[in-house]
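Worksheet: the structure to be examined is printed underneath.
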Amino acid sequence: MTIERIGQDIRLPRGTSAESEAQAELSALLKQPLTADHAVRVALLNNRGLRASLAELGVAEADLVQAGRMSNPSFSFGRMSGGGETEIERSVMFDLVGLVTIPLRRDIEGRRFESAKLVAATEAVRTAADTRKAWFNAVAAAQSARYAEQVREAAQASAELATRMAKVGNLSALDQAREQAFSAEATTQLARARHNATAAREQLARLMGVWGENIAFQLPDRLPDLPSAPREPGNIESLAMQQRLDVQLAKLGTEATARALGLSKATGFVNVLEAGYVNSSKSGEPRENGYEIELALPLFDWGGARVAKAQALYMQSVHRTAETAISARSQVREAYSAYRTSYDVAKHYRDEIVPLRKKISEETLLRYNGMLMSVFELLADARAQINGVNAAIEAQRDYWIADTDLQAAINGTGGATVRMAGGASDAAAAPAH
């Protein structure tokens, strides 16, 4: 159920050998550079919350087995004595209604078991999506932290040069203060970037369920490149209706409610019917044999309230299924909009903004070499590149997160779409005057 959605299967290790194999696979994955797919695999193997959800399958399976079994018979024994006589009565009772409704109850529990499998698959798909997004966040945050370190080193060199030039009278106190302020701000930004990288890495570690020596996993230096072309929308709405786990779960719940309504009608009037073998014996008299039927008479409760409740629950389930389908269609359209916008923005940074910034830097360097501008004008232009580079990293990260959310919207239960950032970062990327 999960292979066609996330490309990997899930299994709950049972037994010592299976647990050892899972740990061996986990160790092998963490020893090599961690890709997004490897991170998802580690989470599927090791995330304790997911494994707890998978354990619920055992509970549902036990209920299914129990539904196929007849209730144990009841045995009663009575002894009365008086006037020199002793009377003993014995009886064995069987639940006939329970026996007759075994196929119906087994069918209901079978649907509940299928629901439990869908819930487990939903948790697996959600865990995979969260882990994949955490991986992209961690790689982007580490990439930004390394760039912030380069900026800090350049800012410190600029501040030191400004101090030396101010001592010999070649730089005003105002310009020196500006360079020192930029160096101080670069140091602060580096501290924040390092913390963001640590926080993103820890989020990934939590989702993968690793601790101890396993937290020393290696991440790549940069995010994956953008694909050559974006995915076309095609029939994503109909695909979501076929593959969305929450839609399937809602449909299954409606079917189970309908079957439960049939059970309520079957037992609406006769809800307790037991039959069994009875014998009794008295002192000095032959044993008497016979049978006994116990029936609850519907004098006060004819079962109408139970049937009405079942019908109301069925209609409630029908409307919720329709609501789920409508929401799924809307979510997948919104997710595709975020995906396509993120791709266009990231591609614009890659093909337009970054090359233009590079060209500006080259022209500025030529002017500096031709002694047409000062070293601080060169450094000022370099500082203008900072926000542009960070924005390009964020745009590339946002694309991959939007791609993950789109897959979740089609295959899982929907994902939080990427909110398009704007304003501060984009404005900061504009040329400084």
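The first residue of the sequence shown is numbered 1, and numbering continues consecutively from there.
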- Task: Drop me the distance from Ile410's CD1 to Gln242's CD, to the nearest 0.5 angstrom.
- Result: 11.0 Å
- Query: So, for Ala138 and Ala200, which heavy atoms are closest and what is the spacing to 0.1 Å?
  - Reply: CA-CB, 3.6 Å
- Nearest heavy-atom contact between Ile236 and Pro233 is CG2-O, 2.7 Å
- Task: Examine distances only and state if a side-chain atom of Tyr343 and a backbone atom of Ala402 form a donor-acceptor pair shorter than 3.5 Å.
- Result: no
- Which pair of heavy atoms, one from Ala328 and one from Val247, lies closest together, and at what distance? CB-CG2, 4.0 Å
- Note on the structure: Residue set satisfying side-chain hydrogen bond (donor to acceptor under 3.5 Å, both in side chains) with Asp225, at least two apart, ordered chain then number -> Arg222
- Item | Steps toward side-chain contact (heavy atoms from CB on, under 4.5 Å) verdict (Leu252, Gln248) | CA-CA 6 Å; Leu252 195 61; Gln248 294 184 18; over 6 Å; no
- Message: Has Thr131 got a side-chain atom pairing as donor or acceptor with Thr127's backbone, closer than 3.5 angstrom?
- Response: yes
- Which distance, rounded to the nearest 0.5 Å, do you find between the NZ of Lys31 and the CG of Leu26? 10.5 Å
- Item | Beyond-backbone contact of Ile393 with Tyr349, side-chain heavy atoms, under 4.5 angstrom | no
- Query: So, the side chain of Arg329 versus the backbone of Ala240: is there a donor-acceptor pair under 3.5 Å, distance only?
  - Reply: no
- Task: Indicate yes or no: at least one non-hydrogen side-chain atom of Asn46 is less than 4.5 angstrom from one of Arg48.
- Result: yes
- Message: Using side-chain heavy atoms (C-beta onward) and a distance below 4.5 Å, is Leu45 in contact with Arg41?
- Response: yes
- CG of Asp130 to CG of Leu204: how many Å apart, nearest 0.5 Å? 11.5 Å
- What pairs with Gln203 under side-chain hydrogen bond (donor to acceptor under 3.5 Å, both in side chains), at least two apart in sequence or on another chain? Arg206
- Query: Does atom CD of Gln32 have more than 12 heavy-atom neighbours from other groups under 6.0 Å away?
  - Reply: yes
- Would you call Arg201 and Leu219 a side-chain contact if the rule is heavy atoms closer than 4.5 Å? yes
- Pairwise distance OG1(Thr122) to CG(Asn411) - rounded to 0.5 angstrom: 11.0 Å
- Item | Side-chain donor/acceptor of Trp135 to backbone N/O of Leu34, under 3.5 Å | yes
- So, Ser317 side chain and Leu313 main chain: donor-acceptor pair closer than 3.5 Å or not? no
- Item | Rounded distance (nearest 0.5 Å) linking atom CG of Asp246 with atom OG1 of Thr321 | 10.5 Å
- Message: Given 3.5 Å as the limit, does a donor-acceptor pair link the side chain of Ser337 with the main chain of Arg333, or not?
- Response: no
- Query: Say you draw a straight line from CZ of Arg397 to OG of Ser342; how long is it, rounded to the nearest 0.5 Å?
  - Reply: 10.0 Å
- Note on the structure: Looking only at heavy atoms, the pair that brings Val332 and Glu237 closest together is CG1-CG, 3.9 Å
- Considering only heavy atoms from C-beta outward, does the side chain of Arg244 approach that of Thr324 to under 4.5 Å? no
- Query: Closest approach of Pro227 and Arg350, non-hydrogen atoms and distance?
  - Reply: O-NH1, 4.5 Å
- Over all heavy atoms of both residues, which pair between Ala193 and Ala148 is shortest? Give the atoms and the distance, please. CB-CB, 3.9 Å
- Message: Applying ring-ring contact (aromatic ring centres under 6.0 Å, His included), can you list everything that pairs with Tyr339, at least two apart in sequence or on another chain?
- Response: Tyr336, Tyr399
- Message: Whether the side chain of Thr188 engages the backbone of Ala184 through a donor-acceptor N/O pair (distance < 3.5 Å, no angle test) should be reported.
- Response: yes
- Report yes or no: does Asn47 contribute a side-chain atom to a donor-acceptor pair with the main-chain N or O of Leu207 at less than 3.5 Å? yes
- Item | Among Asp405, Asn137, Asp37, side-chain hydrogen bond (donor to acceptor under 3.5 Å, both in side chains) partner for Arg132 | Asp37
- Task: Kindly write out the residues that satisfy salt bridge (Lys or Arg N to Asp or Glu O under 4.0 Å) with Glu149, not counting sequence neighbours, or none if the list is empty.
- Result: Arg194
- Message: Measuring only between side-chain heavy atoms, which start at C-beta, is Leu190 closer than 4.5 Å to Val151?
- Response: no
- Query: What do the steps show when you test Asn214 against Met208 for side-chain contact (heavy atoms from CB on, under 4.5 Å), and what is the final call?
  - Reply: CA-CA 10 Å; Asn214 287 332; Met208 293 193 303; over 6 Å; no
- Task: For the pair Trp400 (side chain) and Pro224 (backbone), establish whether a donor and an acceptor sit closer than 3.5 Å, ignoring hydrogens and angles.
- Result: yes
- So do Leu50 and Leu44 actually touch side chain to side chain, heavy atoms under 4.5 Å? yes
- Can you find a heavy atom in the side chain of Val42 that is under 4.5 Å from one in the side chain of Phe217? no
- Message: Tell me every residue that passes side-chain hydrogen bond (donor to acceptor under 3.5 Å, both in side chains) with Glu123, counting only those two or more places apart in sequence or in another chain.
- Response: Arg126
- Item | Residues that Arg320 engages under salt bridge (Lys or Arg N to Asp or Glu O under 4.0 Å), provided they are two or more places apart | none
